[in-house]
Asks: 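A single structure is presented below for examination.
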Amino acid sequence: MPLSPSAPTKAELRRHLLHQRQTLDPDRWLDRSHRLCQHLRRSPQFHHAQTVLGYWSFRHEPDLSSLWTLPKRWGLPRCVGPDLVWHRWSLGQPLTQDRYGIWSPEATAPLLDPKTVDLVLVPCVACDRQGYRLGYGGGFYDRLLSKAPWNQVVTLGILFADHLQDTLPHDPWDRPLTGVCTEAGIEWYQPPQQTAQE
């Protein structure tokens, strides 16, 4: 799926990178996901975080499931209209597929207070080295992270290293992430703040 010879649009780049990710060999996908999670486990910001927001892997996003047994307070998102809401979730609790096909907590699961959140692991189609993220185009994370108190929470983009770009097209309303984590390691673009529980 070639890109246009001029600078690609967000939509063109998204289609190209999603196609590239979804054709990744399953064994390589699992290996890269495992190495990415190992970097997270060794990160002081992740280690000290008590409440961590994650996601259930969708369309060959890096798989975070090896982290679910760690002693954290986990949250997973659910799409409600144009917004993301975050529910407390533990391994073994039920998930349901939303209108996008994403596995999410049930609507009756307890909600998380954003003031208690230490770290958000943000799924990315791509990210650049200024922290600007390319998502699926719905704007869910940009809307969330532009509001207080979410705009004060440490955010790590989660993606594979070959989708980390030098620069990406971005709009004035796009919110840069604090850093990214790939199978190659973690890069911080803003100084990570203290966790909510410290």
Asks: Considering only NZ, NE, NH1 and NH2 on the basic side and carboxylate oxygens on the acidic side, decide whether K10 and D171 come within less than 4.0 Å.
Replies: yes
Asks: Do K72 side-chain atoms and H47 backbone N/O form a donor-acceptor pair below 3.5 Å?
Replies: yes
Asks: State, yes or no, whether a side-chain contact exists between L84 and C79 at a heavy-atom distance under 4.5 Å.
Replies: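 Of all side-chain heavy-atom pairs linking C79 with L84, at least one is under 4.5 Å.
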Asks: Do the side chains of R129 and L164 get nearer than 4.5 Å, heavy atoms only?
Replies: yes
Asks: How long is the straight-line distance from CD of Q22 back to NE2 of H60, given to the nearest 0.5 Å?
Replies: 8.0 Å
Asks: Checking H170 against Q130: is there a side-chain donor and acceptor pair closer than 3.5 Å?
Replies: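 Not at all, the side chains of Q130 and H170 share no donor-acceptor pair under 3.5 Å.
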Asks: Would L121 and Y132 show up in the same hydrophobic cluster when neighbours are defined by side-chain heavy atoms closer than 4.5 Å?
Replies: no
Asks: Is any side-chain heavy atom of F160 closer than 4.5 Å to a side-chain heavy atom of W29?
Replies: yes
Asks: Donor-acceptor check, side chain of T9 to backbone of E12, threshold 3.5 angstrom: yes or no?
Replies: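 Flag set: sc T9 to bb E12 pair under 3.5 Å.
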Asks: Heavy atoms, side chains only, cut-off 4.5 Å: are T69 and L91 in contact?
Replies: yes
Asks: Out of curiosity, does L119 fall in the hydrophobic cluster containing L64 (side-chain heavy atoms, cut-off under 4.5 Å, transitive links)?
Replies: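 Yes; tracing contacts between hydrophobic side chains, which count when under 4.5 Å, links both residues.
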Asks: So, do W68 and W74 sit near enough that their side-chain heavy atoms are less than 4.5 Å apart?
Replies: yes
Asks: Looking at Y141, is R143 sitting on its ring face, NZ or CZ under 6.0 Å from the six-membered ring centre and within 45 degrees of the normal?
Replies: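 No, R143 does not lie over the aromatic ring of Y141.
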Asks: In this structure, would V80 and L144 fall into the same cluster of hydrophobic residues linked by side-chain contacts under 4.5 Å?
Replies: no
Asks: H87 side chain to L76 main-chain N or O, any donor-acceptor pair under 3.5 Å?
Replies: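 Not a single qualifying donor-acceptor pair exists.
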Asks: For Q93 and S90, indicate whether the former's side chain and the latter's backbone hold a donor-acceptor pair under 3.5 Å.
Replies: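 Yes.
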Asks: Look at the side-chain heavy atoms of Ile, Leu, Val, Met, Phe, Trp and Tyr, link any pair under 4.5 Å apart, and say whether W86 and L145 land in one connected group.
Replies: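 Same cluster.
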Asks: Please report whether the ring centroid of W89 lies less than 6.0 Å from that of W56.
Replies: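 Centroid distance W56-W89: below 6.0 Å, so yes.
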Asks: Could you check whether atom CZ of R41 has more than 12 heavy atoms from other residues, nucleotides or ligands sitting under 6.0 Å from it?
Replies: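 Above 12, so yes.
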Asks: Please round to the nearest 0.5 Å and tell me the distance separating atom OG of S33 and atom CZ of R28.
Replies: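 Between atom OG of S33 and atom CZ of R28 there are 11.5 Å.
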Asks: Flag the pair T182 / H163 as yes when at least one side-chain heavy-atom distance between them is below 4.5 Å, and no otherwise.
Replies: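 Not in contact.
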Asks: Starting at CD of Q20, measure out to CG of L13 and round the result to the nearest 0.5 Å.
Replies: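 Nearest 0.5 Å value for the CD-CG distance: 9.5 Å.
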Asks: Measure the shortest side-chain to side-chain distance between L30 and D63 over non-hydrogen atoms and say whether it is less than 4.5 angstrom.
Replies: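 In short, these two side chains touch, coming nearer than 4.5 Å.
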Asks: Counting only N and O atoms by type, is there a donor-acceptor contact under 3.5 Å from the side chain of T155 to the main-chain atoms of L177?
Replies: no
Asks: Might you work through the side-chain contact (heavy atoms from CB on, under 4.5 Å) test for I158 and L36, ending with a clear yes or no?
Replies: CA-CA 8 Å; I158 304 297; L36 186 154; 3.9 Å; yes
Asks: Thinking salt bridges, do R78 and D83 make one under a 4.0 Å N-O criterion?
Replies: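 The answer is no: the pair does not qualify as a salt bridge.
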Asks: Could you grab the distance from atom CZ of R73 to atom CG of L112, nearest 0.5 Å is fine?
Replies: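 Taking CZ in R73 and CG in L112, the distance rounds to 7.5 Å.
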Asks: For the atom pair NE2 (H19) and OG1 (T23), what is the distance rounded to the nearest 0.5 Å?
Replies: 5.0 Å
Asks: Measure from the side-chain N and O atoms of D118 to the backbone N and O of V52, and report whether any donor-acceptor pair falls under 3.5 Å.
Replies: no
Asks: Is there a path from L95 to L67 through hydrophobic residues (I, L, V, M, F, W, Y) whose side chains come within less than 4.5 Å of each other?
Replies: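 Yes, same cluster.
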Asks: Counting distance only, does the side-chain N/O of E183 pair as donor-acceptor with the main-chain N or O of H34 below 3.5 Å?
Replies: no
Asks: Hey, does V154 have a side-chain heavy atom less than 4.5 Å from the side chain of V120?
Replies: no
Asks: Give a yes or no answer on whether the side chain of D128 reaches the backbone of L168 with a donor-acceptor pair at less than 3.5 Å.
Replies: yes
Asks: Quick check for you: to the nearest 0.5 Å, what is the distance between S43 atom OG and L156 atom CG?
Replies: 6.5 Å
Asks: Inspect the contact between R175 and D142 and indicate whether a charged nitrogen and a carboxylate oxygen are less than 4.0 angstrom apart.
Replies: no
